[in-house]
Amino acid sequence: MSISDPSAVQTPLLDDTVDGCLDYKGRPVRRSSSGCWRSASFIIVVEIAERFAYYGISSNLITYLTGPLGESTATAAAQVNAWNGAASLLPLLGAFIADSFLGRYRTIILASLIYILGLGLLALSATLSSISSSGGQNADDIALSSSLQFQVILFFSSLYLVAFAQGGHKPCVQAFGADQFDTQDPEECKAKSSFFNWWYFGMCAGTLTTLSILNYIQDNLSWVLGFAIPGIVMAVGLVVFVLGTTTYRYSVKGDEESPIVTVGRVFILAVRNRKTSYSAIAAEEEARGILATESSKQFKFLNKALLAADGSKEQGEVCSIREVEEAKAVIRLAPIWVTSLIYAIAFSQSSTFFTKQGATMDRSTATGFEIPAASLQSFISLSIVLFIPIYDRIFVPLARALTGEPAGITLLQRIGSGMVISTISMVIAAVVEMRRLKIAEQYGLLDKPNVMVPMGVWWLVPQYALYGLADIFTMVGLQEFFYDQMPNELRSVGLALYLSIFGVGSFLSSFLISAIENLTSGDGRDSWFANNLNRAHLDYFYLMLAALSAVGLTLYVCCTKYYIYARWGRTF
């Protein structure tokens, strides 16, 4: 929500107001009647709805592409990764719009409306598929071909409209939720760290519901209904979010220039002043009374933005020390961002090859019910739902008592722990796939891809469960890290940068799959990703990802040794 001219409003109770925040009418907001969990609960609900909708599409997308749309396994996997990549990179645009123009509240409303539109069009495209498939043998082939072409265009247009909406929704909702906790208050700061844990708990609860119910509807009842239900749930989530309007805390947005422009100017001035001597910079720092700190000594090149190229200090031609520190905070995130990419590549496999792998195995239960292949991803969400309360209520207090850290362990330690677990998960996935291929060979099923391999799908549970445990550490840790380490004005951008890790990771995964497909196929050979998975070698792919993960973890640990934490606005 747009807030301006806060100075014109009378302050009711100074000791009960929250600095830098106003209520929905532009008045100083009272701590006792706003924010914290009372507001965060509304925001968590809309996030649950959005995750239900998003995973209602993404979790079973490869099945729809290889089924009704008739794509090959490798092509479909590349399409899924490309879409996931776009959905994870577009938050950079959404965050820029929110932080520079609309504000987080308005961006969430607009993105939610576009989201609902995209989901409605997806359901419409599935309706066309149903009509085409029921045309019968006497239907006109040219008409069916034209209908299929229109369906494909409408489907992918709708799909990327959903990705565009998610780009505005995702970074703003989480940042807006975290904004409800005042980091200058020790108790609310602790609650904020807990908020990120329970936020992810809520996300996974929505995902678990999707994977348990929606995938069954899509596989066994109707794709039209399977795409329509997420739109309805998203509309309900938007209504709940609007109901909390009067309780939210809105960050003050003044008339100052975009924070992205401010940070960019620091880099531009530093480059322009590249010939300025460091002795001149030291003299300027001394004149301003700036004490030497670890932060000021790091990336000293940017300190040249404190002076103009001609030595003048006129307003607008130089940067303040805070602006320089904000630019340094952004650049410090780069090594962490880069070394997290391999984790994101491994993360991409759960919704593609893990699903296709499970589709070849025995998925029947004792009662005769057959578990949809895409629903196997629910074990990731289930492990998160089970372990987050343990992490938040048992692990954090015990670790806090030992380390003195408010969150038990540092954010970088948390992220690294998840990377270790992810590496172990990829090794287990490779071992399980080796066993599946061996059983397929023993039963003479190598050339019978449509015959079920007599191996229980429960063998896949460990790799899914470890993925969930890794997410608790790395995913939640990255969310809080990229929010906490960015200046307040850039926190939506910070969360967008976190999401872009998985966007770029998905694109890299897509590129890796295409490259391996080209290298391992041809001359009558079956590629690692052959449509007949009994002749493919996903085990080799998983082992390669495990090796890459180990390399990425090593580089990550090296980078963390030089990281300096930012403490924006904290007084404790």
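None of these values were measured; they are calculated from a predicted model. When a residue number appears, it is its place in the shown sequence, counting from 1.
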Novice: Compute the centroid of each ring, for Tyr540 and then for Trp528, and state whether the two points are separated by less than 6.0 Å.
Specialist: yes

Novice: Take the angle between the ring planes of Phe227 and Trp223 and call it parallel below 30°, perpendicular above 60°, tilted in between.
Specialist: tilted

Novice: Quick one, Leu545 and Leu512 - any side-chain contact, counting heavy atoms below 4.5 Å?
Specialist: yes

Novice: Classify the ring geometry of Phe195 against Phe181: parallel below 30°, tilted from 30° to 60°, perpendicular beyond 60°.
Specialist: tilted

Novice: Compare all side-chain heavy atoms of Phe481 with those of Tyr565 and state whether any distance is below 4.5 angstrom.
Specialist: yes

Novice: Check step by step if side chain to side chain donor-acceptor pair (under 3.5 Å) holds for Trp83 and Ser506.
Specialist: CA-CA 8 Å; Trp83 180 72; Ser506 291; over 6 Å; no

Novice: May I ask you to check whether Glu50 and Tyr55 show a side-chain donor-acceptor distance below 3.5 Å?
Specialist: no

Novice: Any side-chain donor paired with an acceptor under 3.5 Å for Asn84 and Tyr54?
Specialist: yes

Novice: Looking at residues at least two apart in the chain, or sitting in another chain, which of them share a side-chain hydrogen bond (donor to acceptor under 3.5 Å, both in side chains) with Glu433?
Specialist: Gln357, Arg436

Novice: Taking atom CD1 of Ile345 and atom CD1 of Ile513, what is their separation to the nearest 0.5 Å?
Specialist: 10.0 Å

Novice: Decide yes or no on side chain to side chain donor-acceptor pair (under 3.5 Å) for Gln174 and Glu47, but give the supporting numbers first.
Specialist: CA-CA 8 Å; Gln174 191 167 11; Glu47 175 64 9; over 6 Å; no

Novice: Would you say the side chain of Arg249 lies within less than 4.5 Å of the side chain of Asp182, judging by non-hydrogen atoms?
Specialist: yes

Novice: Does Met361 form a side-chain contact (heavy atoms from CB on, under 4.5 Å) with Trp458? I'd like the steps, not just the answer.
Specialist: CA-CA 9 Å; Met361 302 168 72; Trp458 308 111; over 6 Å; no

Novice: Going by distance alone, is a donor N or O of one side chain under 3.5 Å from an acceptor N or O of the other, for Tyr105 and Thr245?
Specialist: yes

Novice: Taking the six-membered ring for Trp and the full ring for Phe, Tyr or His, determine whether the centres of Tyr343 and Tyr556 are under 6.0 Å apart.
Specialist: no

Novice: So Gln218 and Tyr64, do their side chains get closer than 4.5 Å, heavy atoms only?
Specialist: no

Novice: Using distance alone, with no hydrogens and no angle criterion, decide if Asp179 and Tyr483 have a side-chain donor and acceptor under 3.5 Å apart.
Specialist: yes

Novice: Does the separation of the ring centres of Phe354 and Phe379 fall below 6.0 angstrom?
Specialist: no

Novice: Answer yes or no: is there a side-chain heavy-atom contact under 4.5 Å between Tyr248 and Gln180?
Specialist: yes

Novice: When you compare the side chain of Leu238 with that of Val242, does any pair of heavy atoms fall below 4.5 Å?
Specialist: yes

Novice: State whether a side-chain donor-acceptor pair under 3.5 Å links Ser422 with Ser549.
Specialist: no

